[in-house]
Amino acid sequence: MHRRGVGAGAIAKKKLAEAKYKERGTVLAEDQLAQMSKQLDMFKTNLEEFASKHKQEIRKNPEFRVQFQDMCATIGVDPLASGKGFWSEMLGVGDFYYELGVQIIEVCLALKHRNGGLITLEELHQQVLKGRGKFAQDVSQDDLIRAIKKLKALGTGFGIIPVGGTYLIQSVPAELNMDHTVVLQLAENGYVTVSEIKACLKWETERARQVLEHLLKEGLAWLDLQAPGEAHYWLPALFTDLYSQEITAEEARETLP
Amino acid sequence: MAIPLSQIVFIEEQAAGIGKSAKIVVHLHTAPPNKEPGPFQSSKNSYIKLSFKEHGQIEFYRRLSEEMTQRRWENVPVSQSLQTNRGPQPGRIRAVGIVGIERKLEEKRKETDKNISEAFEDLSKLMIKAKEMVELSKSIANKIKDKQGDITEDETIRFKSYLLSMGIANPVTRETYGSGTQYHMQLARQLAGILQVPLEERGGIMSLTEVYCLVNRARGMELLSPEDLVNACKMLEALKLPLRLRVFDSGVMVIELQSHKEEEMVASALETVSEKGSLTSEEFAKLVGMSVLLAKERLLLAEKMGHLCRDDSVEGLRFYPNLFMTQS
């Protein structure tokens with residue numbers, strides 16, 4: 001008796017079954033895609049209507065922006081993902097945040113030689129506002145944080161480090177692990193010492209020293225051997241006196257090769 | 001130093017001018033006899049001016065106007081408030097024009113509040129519809145997963161562009177939003193055109209942050225998101241364009257001209273370092289005229305290739321020619 005199941009006939013049968021299945025499957029996806037396309041058009045119209053009434057509100061009102069962003073996040077939508085997205089095109093939110101991104105990059109570059117690439121959110125806010133000029137739209141700290149989160153995609157080490165109720169913004173790809181961050185959080189008066197670290201964090205001397213050495217190497221801390229008692233490690237990022245200083249023309253020039 | 005709000009008769013804005021900062025002029029009642037001592041015993045003016053050198057004037061004026069309209073410090077029951085409108089009372093002289101102004105402010109405040117709550121309502125309704133889109137996209141994505149790649153390329157491209165429009169992450173591949181769409185291909189071609197000359201001017205290599213700033217500053221509007229830029233750059237090589245995206249070990253991303261050979265630049269970097277004995281990234285950057293970021297990457301690459309050695313101390317990271325290699 002011939003064995004069937006392996007042979008030209010069986011293969012052909014199998015192919016026919018697959019083709020039928022594929023067809024049905026394709027129809028299913030096609031249906032849904034068509035449905036999505038239709039709904040997308042409707043949504044676009046709704047968004048246009050919303051924009052015509054409330055676009056100004058978003059531009060002018062930082063609190064409303066926060067509400068808007070939070071709601072988007074809750075439903076799983078990122079209005080800032082692409083400049084080509086509906087949100088960006090129709091509400092203009094994209095341009096606002098992407099331009100802010102450029103301004104943040106420029107400020108961080110200009111001040112990097114002073115603070116090693118670490119800056120408080122407050123100082124960043126002040127400097128960005130200064131750069132934007134008197135007639136520009138107001139910008140909140142929340143806006144800055146959102147713009148920075150987007151900048152992370154560019155791969156050059158933008159980081160947001162929570163410290164004592166506010167944030168430090170890192171703009172260079174320096175490796176900062178939890179040990180480093182925790183020590184940064186201790187430096188409330190602008191500096192930190194080995195004893196302070198040992199007392200507050202209960203670490204061994206060696207661990208404290210390693211962290212401080214790393215911060216020195218990365219240019220984020222300055223060593224003060226003339227301080228009373230023991231060596232002080234200062235963090236220029238936290239020097240409040242520097243806030244009010246203008247970025248000099250020299251410094252601005254230095255940011256460009 | 002404080003002045004009770006009840007002392008304020010009227011406020012007005014003075015716009016900024018050349019050499020003048022924006023100001024708010026606050027007209028005050030005469031000081032009550034039991035006033036606390038202040039910086040001055042007396043003044044010939046019945047107003048003070050608040051000067052806003054940088055920003056904040058708009059917001060401050062808005063809030064102060066609100067407070068002036070609400071007059072929370074009065075907190076008088078309705079019957080008594082009628083009295084205050086009747087005529088001058090000691091310490092409460094109200095100029096006639098002010099009532100009209102205050103009414104306008106009140107209307108404006110109500111209008112703003114109404115706008116915000118209307119906007120909020122509309123926003124909530126919009127979000128409900130957006131959520132439906134998200135659900136639909138998940139359902140489609142599940143179908144795609146089930147079919148294990150039996151979906152056509154055309155359908156994939158369409159789906160990705162829908163996701164891009166809505167700002168929904170691609171649920172199938174979890175890759176960055178809508179990468180590989182028509183939009184990004186177009187963008188990649190545009191970038192190749194825009195960046196050719198700037199790259200040549202900068203020695204053939206630029207960091208992605210530099211590119212982001214350059215491109216967006218040139219566009220002025222309809223700016224690119226960081227993700228748009230990255231997704232477009234990822235397509236450069238596939239489209240056989242004369243630039244490419246490169247990611248260093250550190251995670252730093254750069255755009256290079258295809259003709260740029262970083263490994264060859266390393267050879268000249270070695271020469272430079274040897275001439276000077278040793279160099280830090282900052283010193284090298286200054287000598288060669290590059291950004292510190294890219295200078296560091298080049299030195300690190302040279303080290304990886306065995307041409308340089310590092311001396312990592314608290315004084316910084318310094319590179320020396322690798323004599324172990326050359327003098328064996």
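Computed from a predicted structure; not experimentally measured. Per chain, numbering begins at 1; letters A, B, ... match sequence-line order.
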Mind listing the closest non-hydrogen atom pair of Tyr162(B) and Leu33(A) along with its distance?
-> CE1-O, 3.7 Å

Name the region of Ala221(A), side chain, backbone, both or neither, that has any atom closer than 4.5 Å to a heavy atom of chain B.
-> neither

Counting heavy atoms not belonging to Arg217(B), are there more than 12 under 6.0 Å from its CZ?
-> yes

With a 4.5 angstrom heavy-atom cut-off, which part of Ser313(B) approaches chain A: side chain, backbone, both or neither?
-> backbone

Might you point out which heavy atoms bring Leu126(B) and Phe43(A) nearest each other, and give the distance in Å?
-> O-CE1, 3.6 Å

In terms of heavy-atom pairs under 4.5 Å with chain B, the winner among Gly219(A), Gly92(A), Gly101(A), Cys72(A) is Cys72(A)

Glu99(A), part contacting chain B, at a heavy-atom distance under 4.5 Å = both

Shortest non-hydrogen contact between Gly155(A) and Met253(B), atoms and distance | N-CE, 3.8 Å

Identify which part of Asp228(B) has an atom lying under 4.5 Å from any heavy atom of chain A, answering side chain, backbone, both or neither.
-> both

Please indicate whether Glu222(B) has more than 12 foreign heavy atoms, meaning atoms of other residues, nucleotides or ligands, lying under 6.0 Å from its CD.
-> no

Pairs flagged by side chain to side chain donor-acceptor pair (under 3.5 Å) wherever residues 87-96 of chain A is involved - sequence neighbours left out = none

Is the shortest heavy-atom distance from the side chain of Leu40(A) to the side chain of Met133(B) under 4.5 Å?
-> yes

Answer yes or no: are there more than 12 heavy-atom neighbours, outside Lys23(B) itself, under 6.0 Å from its atom NZ?
-> yes

Which distance, rounded to the nearest 0.5 Å, do you find between the CG of Leu109(A) and the SG of Cys213(B)?
-> 7.5 Å

Okay, Leu47(A) and chain B: the region with an atom under 4.5 Å from a heavy atom over there is both

Is the number of heavy atoms from other residues, nucleotides or ligands under 6.0 Å of Ile145(A) CD1 greater than 12?
-> yes

Minimum heavy-atom separation for Met36(A) to Leu136(B), with atom names?
-> CA-CD2, 3.5 Å

Checking Val252(B) against chain A: side chain, backbone, both or neither under 4.5 Å from a heavy atom?
-> both

Could you walk me through whether Glu227(B) and Ser82(A) pass side chain to side chain contact (heavy atoms under 4.5 Å, CB included), step by step?
-> CA-CA 7 Å; Glu227(B) 281 161 75; Ser82(A) 170; over 6 Å; no

What part of Leu229(B) is in contact with chain A, defined as an atom under 4.5 angstrom from a non-hydrogen atom: side chain, backbone, both or neither?
-> side chain

Inspect the contact between Glu49(A) and Lys125(B) and indicate whether a charged nitrogen and a carboxylate oxygen are less than 4.0 angstrom apart.
-> no

How close do Ala34(A) and Arg158(B) get, heavy atom to heavy atom, and via which atoms?
-> N-NH2, 4.2 Å

Honestly, the part of Arg219(B) sitting under 4.5 Å from a heavy atom of chain A is neither

Lys53(B) versus chain A, heavy atoms under 4.5 Å apart: side chain, backbone, both or neither?
-> backbone

With a 4.5 Å cut-off on heavy-atom pairs, point out which of Ser139(B), Gly56(B), Ala130(B) contacts chain A the most.
-> Ala130(B)

Measure Pro79(A) against the heavy atoms of chain B and call it side chain, backbone, both or neither at under 4.5 Å.
-> neither

Cut-off 4.5 Å, heavy atoms of chain B, and the answer for Leu80(A) is backbone

Using non-hydrogen atoms only, which part of Thr74(A) is less than 4.5 Å away from chain B: side chain, backbone, both, or neither?
-> neither

Between Met166(B) and Val77(A), the two heavy atoms sitting closest are O-CG1, 3.4 Å

Give a yes or no on whether Lys149(A) atom NZ has more than 12 heavy-atom contacts from other residues, nucleotides or ligands under 6.0 Å away.
-> no

Side chain, backbone, both or neither of Tyr183(B) within contact of chain A (heavy atoms, under 4.5 Å) = side chain

Given Ile128(B), Thr209(B), Val134(B), the one with more heavy-atom pairs under 4.5 angstrom with chain A than any other is Thr209(B)

Reported CD-to-CD distance for the pair Gln39(A) and Glu135(B), which is rounded to 0.5 angstrom | 11.0 Å

Quick one: do Gln186(B) and Lys84(A) satisfy side chain to side chain contact (heavy atoms under 4.5 Å, CB included)? Show the steps, please.
-> CA-CA 12 Å; Gln186(B) 273 175 0; Lys84(A) 199 68 181 163; over 6 Å; no

What part of Phe50(A) gets closer than 4.5 Å to chain B, counting heavy atoms only: side chain, backbone, both or neither?
-> side chain

Any chance you could measure Gln103(A), atom CD, to Asn216(B), atom CG, to the nearest 0.5 Å?
-> 11.0 Å

Here the gap from Glu57(A) atom CD to Phe120(B) atom CZ, rounded to the nearest 0.5 Å, amounts to 11.5 Å

With sequence neighbours left out, the residues meeting salt bridge (Lys or Arg N to Asp or Glu O under 4.0 Å) with Asp122(B) are Lys53(A)

